[in-house]
Amino acid sequence: MNGDLQGAKRRMEGALDSLRQAFAKIRTGRANPALLDSVEVDYYGTPTPISHAATIVVEGARSLVITPWDAGMLQAIEKALLASNLGLTPNVQGEAIRINLPQLTEETRSEYVRQAKDEAEKARIAVRNIRRDVNNSIKQGSGEQDASRRMQNQVQKLTDEYIENIDKMLKGKEEDLSEF
């Protein structure tokens with residue numbers, strides 16, 4: 001039964017990692033290289049994340065500078081950024097691309113908060129589904145009811161802990177989005 005608990009913890013940690021990745025893709029008012037993690041550039045016929053083809057540097061609070069390792073990739077990176085649907089406008093300056101992140105409007109900000117809440121709810125659902133799966137496994141494999149009940153209580157405590165972590169992450173993201 002301890003294996004069930006360790007497996008549940010590992011799977012719940014995976015749900016938190018997924019939430020962290022989803023939150024990294026939601027733009028705040030500050031520049032963050034993780035914003036470009038989902039953008040892939042055609043690197044000589046192979047789709048490659050921009051971070052594997054260039055250096056991404058935060059310059060100021062609202063500016064990213066992308067310097068490709070191969071100058072021939074400049075146009076391909078610009079094209080990938082325009083096609084990314086992130087609402088970013090790349091400016092080619094010599095051998096680098098500068099992205100100035102615009103100030104978030106109140107409407108955009110509230111849309112991003114809604115998106116963050118949706119991602120947090122997906123993570124909560126994933127944690128609850130893990131709890132359900134583990135509890136079903138405990139019920140099927142248990143011999144003694146008291147041991148089964150104790151194990152289910154431990155799983156519930158673990159679930160509550162991870163739900164609380166998700167809520168803290170959401171609160172932090174909402175605070176990031178509310179900064180001007």
Side-chain angles (χ1 to χ4, degrees), residues 9-127 130 161-180:
K9 190 171 186 170
R10 193 171 40 255
R11 290 174 60 196
M12 288 180 186
E13 194 60 44
L16 278 184
D17 288 343
S18 294
L19 182 61
R20 281 185 198 97
Q21 290 173 0
F23 278 178
K25 293 177 186 174
I26 298 174
R27 187 163 71 89
T28 61
R30 292 185 302 260
N32 183 355
L35 178 64
L36 303 177
D37 284 349
S38 63
V39 180
E40 291 190 340
V41 63
D42 181 26
Y43 193 69
Y44 299 106
T46 305
T48 306
I50 286 183
S51 60
H52 293 184
T55 303
I56 304 170
V57 178
V58 176
E59 196 173 84
R62 290 198 173 94
S63 184
L64 292 173
V65 176
I66 303 167
T67 308
W69 297 327
D70 179 357
M73 292 300 302
L74 203 60
Q75 288 183 333
I77 291 174
E78 180 184 21
K79 184 177 176 182
L81 288 168
L82 289 171
S84 69
N85 293 329
L86 290 175
L88 304 174
T89 306
N91 298 318
V92 177
Q93 297 177 339
E95 294 184 7
I97 298 174
R98 179 179 303 281
I99 299 174
N100 293 315
L101 301 174
Q103 183 90 15
L104 294 178
T105 64
E106 195 58 40
E107 181 180 318
T108 307
R109 206 177 293 280
S110 64
E111 175 62 27
Y112 287 154
V113 168
R114 185 195 60 76
Q115 187 179 352
K117 287 180 179 179
D118 288 347
E119 293 296 337
E121 185 58 28
K122 287 178 190 175
R124 284 188 206 100
I125 290 169
V127 167
I130 294 165
E161 177 185 323
Y162 277 90
I163 295 289
E164 185 178 324
N165 288 343
I166 290 168
D167 292 340
K168 285 179 185 175
M169 288 173 63
L170 176 61
K171 186 177 182 201
K173 189 64 174 183
E174 286 176 328
E175 288 172 1
D176 281 352
L177 288 166
S178 66
E179 288 180 4
F180 287 90

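The first residue of the sequence shown is numbered 1, and numbering continues consecutively from there.
- Here the closest non-hydrogen pair linking Val127 and Ala15 is CG2-CB, 4.1 Å.
- You'll find the side chain of Lys117 reaches within 4.5 Å of the side chain of Glu174, heavy atoms only.
- Under a 3.5 Å cut-off, the side chain of Ser18 and the backbone N or O of Leu16 do not form any donor-acceptor pair.
- Between Met12 and Ile130 the shortest heavy-atom distance is N-CD1, 3.7 Å.
- The shortest distance between side-chain heavy atoms of Tyr44 and Met73 falls below 4.5 Å.
- Side-chain atoms of Lys79 never come within 3.5 Å of backbone atoms of Asp42 as a donor-acceptor pair (strictly under, hydrogens ignored).
- Remark: Lys171 pairs with no residue by the salt bridge (Lys or Arg N to Asp or Glu O under 4.0 Å) rule, at least two apart or across chains.
- Looking at residues two or more places apart in sequence or on another chain, you find a salt bridge (Lys or Arg N to Asp or Glu O under 4.0 Å) between Arg124 and Glu121, Asp167.
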Exercise. Can you check side-chain contact (heavy atoms from CB on, under 4.5 Å) on Asn91 and Ile99, steps first, answer last?
Worked result: CA-CA 6 Å; Asn91 298 318; Ile99 299 174; over 6 Å; no
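- The OG1 atom of Thr46 sits 13.0 Å away from the NE2 atom of His52 when rounded to the nearest 0.5 Å.
- When all heavy atoms of Pro68 and Ala54 are compared, the pair lying nearest together is CA-CB, 3.5 Å.
- Around the CD atom of Gln93, the shell of radius 6.0 Å holds more than 12 heavy atoms that belong to other residues, nucleotides or ligands.
- Contact between Gly94 and Leu74 at its shortest, heavy atoms only, is O-CD2, 3.3 Å.
- Between Val65 and Ile56 there is no side-chain heavy-atom pair separated by less than 4.5 Å.
- When only modelled atom types and interatomic distance are considered, Ser63 and Arg98 share a side-chain donor-acceptor pair under 3.5 Å.
- The structure places CG of Asp176 at 10.5 Å from CZ of Arg109, a figure rounded to the nearest 0.5 Å.
- Summarising the geometry, atom CG belonging to Leu88 is positioned 6.5 Å from atom CG belonging to Leu36; distances are rounded to the nearest 0.5 Å.
- Taken to the nearest 0.5 Å, the OG atom of Ser51 stands 9.5 Å off from the CD atom of Glu40.
- The two residues Val41 and Ala53 come nearest to each other via the heavy atoms CG1-CB, 4.1 Å.
- Phe23 places a side-chain heavy atom less than 4.5 Å from the side chain of Leu170.
- Annotation: Gln75, atom CD; neighbour count of heavy atoms from other residues, nucleotides and ligands within 6.0 Å does not exceed 12.
- Between atom CG of residue Asn165 and atom CG of residue Leu19 there is a gap of 10.5 Å, rounded to the nearest 0.5 Å.
- Salt bridge status for Lys173 with Glu119: absent, with no side-chain N to carboxylate O gap under 4.0 Å.
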For this session: Mind running side-chain contact (heavy atoms from CB on, under 4.5 Å) on Ile66 and Leu81 for me, showing each step along the way?
Result: CA-CA 11 Å; Ile66 303 167; Leu81 288 168; 3.7 Å; yes
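- The OG atom of Ser84 lies 8.0 Å from the CG atom of Leu35; values are rounded to the nearest 0.5 Å.
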Problem set entry | Trace of the salt bridge (charged side-chain N to carboxylate O under 4.0 Å, His left out) decision for Arg114 with Asp118 | CA-CA 6 Å; Arg114 185 195 60 76; Asp118 288 347; 2.6 Å; yes
For this session: Please test Glu13 against Tyr162 for side-chain contact (heavy atoms from CB on, under 4.5 Å), starting from the C-alpha separation and ending with a verdict.
Result: CA-CA 8 Å; Glu13 194 60 44; Tyr162 277 90; 3.0 Å; yes
For this session: Please lay out, stage by stage, how Thr67 and Val57 fare under the test side-chain contact (heavy atoms from CB on, under 4.5 Å).
Result: CA-CA 8 Å; Thr67 308; Val57 178; 5.9 Å; no
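- In this structure, Asn100 and Thr89 have side chains that are not in contact, with every pair of non-hydrogen atoms separated by 4.5 Å or more.
- Remark: Asp17 engages Arg20 in a salt bridge, criterion side-chain N to carboxylate O under 4.0 Å.
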